[in-house]
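Sequential numbering from 1 along the given sequence is applied to the chain's residues. Keep in mind that the numbers below use all heavy atoms, side chains included, and drop hydrogens, waters and symmetry copies.
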Amino acid sequence: MEELFWKVLPEYLAIGMSAEEFWHGDLRLCKAYREAYSITVENKYVAEWRAGVYMFEALLSAANAYREFQKTSEHPYPDKPLFSTERSKEIAKEQEEKARMERNKAVFTAFAAKFNARFEQGE
């Protein structure tokens, strides 16, 4: 069994676990370090994929500039991020809700003004 521990020790050291934690720490730490490492790797892959998408969008929007007789791009570069964080999603949702409330307020105000005008005319 000791051979197995010595065999996997470099792997845990590579993912950031100290030798002290490996040999004397809680065994659940090993699982937590492995899960944290897999999350880190996944986040790295997602970041690389997003960078590739942005690179593709940039190349696609600039492609027509290199062709003769083309003055404008048929595919403009995005004016806002293609991907968003949870916080930016919340902000967008709040702004959308506020805009909806303002539209409803305008409709109600117009209705009230029309009603009041008819009421004042004695209809």
Side-chain angles (χ1 to χ4, degrees):
M1 192 70 158
E2 185 178 347
E3 285 180 40
L4 176 65
F5 282 100
W6 281 107
K7 186 176 181 179
V8 296
L9 175 62
E11 182 180 331
Y12 284 95
L13 293 175
I15 62 175
M17 187 175 210
S18 71
E20 180 66 28
E21 287 175 319
F22 181 80
W23 289 113
H24 303 292
D26 190 345
L27 291 176
R28 292 174 288 188
L29 278 175
C30 291
K31 182 179 180 186
Y33 269 94
R34 281 195 318 270
E35 288 177 9
Y37 179 71
S38 67
I39 291 169
T40 301
V41 168
E42 180 68 24
N43 288 343
K44 180 182 172 207
Y45 288 147
V46 169
E48 290 171 351
W49 178 78
R50 285 181 176 180
V53 170
Y54 280 112
M55 182 64 71
F56 178 77
E57 288 290 326
L59 291 172
L60 191 59
S61 62
N64 285 333
Y66 293 104
R67 292 185 181 159
E68 292 184 39
F69 310 116
Q70 292 281 338
K71 294 185 177 166
T72 60
S73 175
E74 295 174 6
H75 185 81
Y77 189 76
D79 58 348
K80 61 183 179 183
L82 299 175
F83 310 102
S84 58
T85 62
E86 288 301 317
R87 179 65 186 138
S88 61
K89 286 179 186 176
E90 290 173 9
I91 292 170
K93 189 174 181 181
E94 290 170 5
Q95 289 173 344
E96 183 180 311
E97 181 69 19
K98 187 176 180 180
R100 187 181 64 76
M101 290 177 69
E102 290 296 323
R103 287 191 305 270
N104 290 344
K105 181 180 172 183
V107 168
F108 181 77
T109 303
F111 172 77
K114 185 178 178 181
F115 181 82
N116 289 338
R118 289 175 66 190
F119 182 74
E120 288 175 0
Q121 291 176 356
E123 291 182 13

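Between Lys93 and Glu90 there is no salt bridge, since no side-chain N of the basic residue sits under 4.0 Å from a carboxylate O of the acidic one.
With values rounded to the nearest 0.5 angstrom, Ile15 atom CD1 is found 7.5 Å from Met17 atom CE. A distance of 9.5 Å separates CD1 of Ile39 from CD of Glu42, quoted to the nearest 0.5 Å. Rounding to the nearest 0.5 Å places NZ of Lys31 at 12.0 Å from CG of Asp26. We find the OG-NE2 distance between Ser18 and His24 to be 9.5 Å, quoted to the nearest 0.5 Å. Rounded to the nearest 0.5 angstrom, Met101 CE and Phe108 CZ are separated by 13.0 Å.
With a 6.0 Å radius and a threshold of 12 heavy atoms from other residues, nucleotides or ligands, Glu3 has its CD atom at or below the threshold. Annotation for Glu96: atom CD does not count as buried by contact number, only 12 or fewer foreign heavy atoms lying within 6.0 Å. Annotation: Tyr33, atom OH; neighbour count of heavy atoms from other residues, nucleotides and ligands within 6.0 Å is above 12. Within a 6.0 Å radius of CG in Leu27, other residues, nucleotides and ligands contribute 12 heavy atoms or fewer.
Using modelled atom types and a 3.5 Å distance limit, the side chains of Glu21 and Tyr12 yield no donor-acceptor pair.
Residues Leu9 and Phe22 have side chains in contact (heavy-atom distance under 4.5 Å, counting atoms from C-beta outward). When side chains are defined from C-beta on, Trp23 counts as touching Phe5, because their heavy atoms get closer than 4.5 Å. Within the 4.5 Å cutoff, the side chain of Glu94 has no heavy atoms near those of the Glu97 side chain. By the 4.5 Å heavy-atom criterion applied to side chains, Leu60 and Phe56 are counted as neighbours.
Taking the six-membered ring where tryptophan is involved, the planes of Phe115 and Phe111 are essentially parallel, since the angle between them stays under 30° and well short of 60°.
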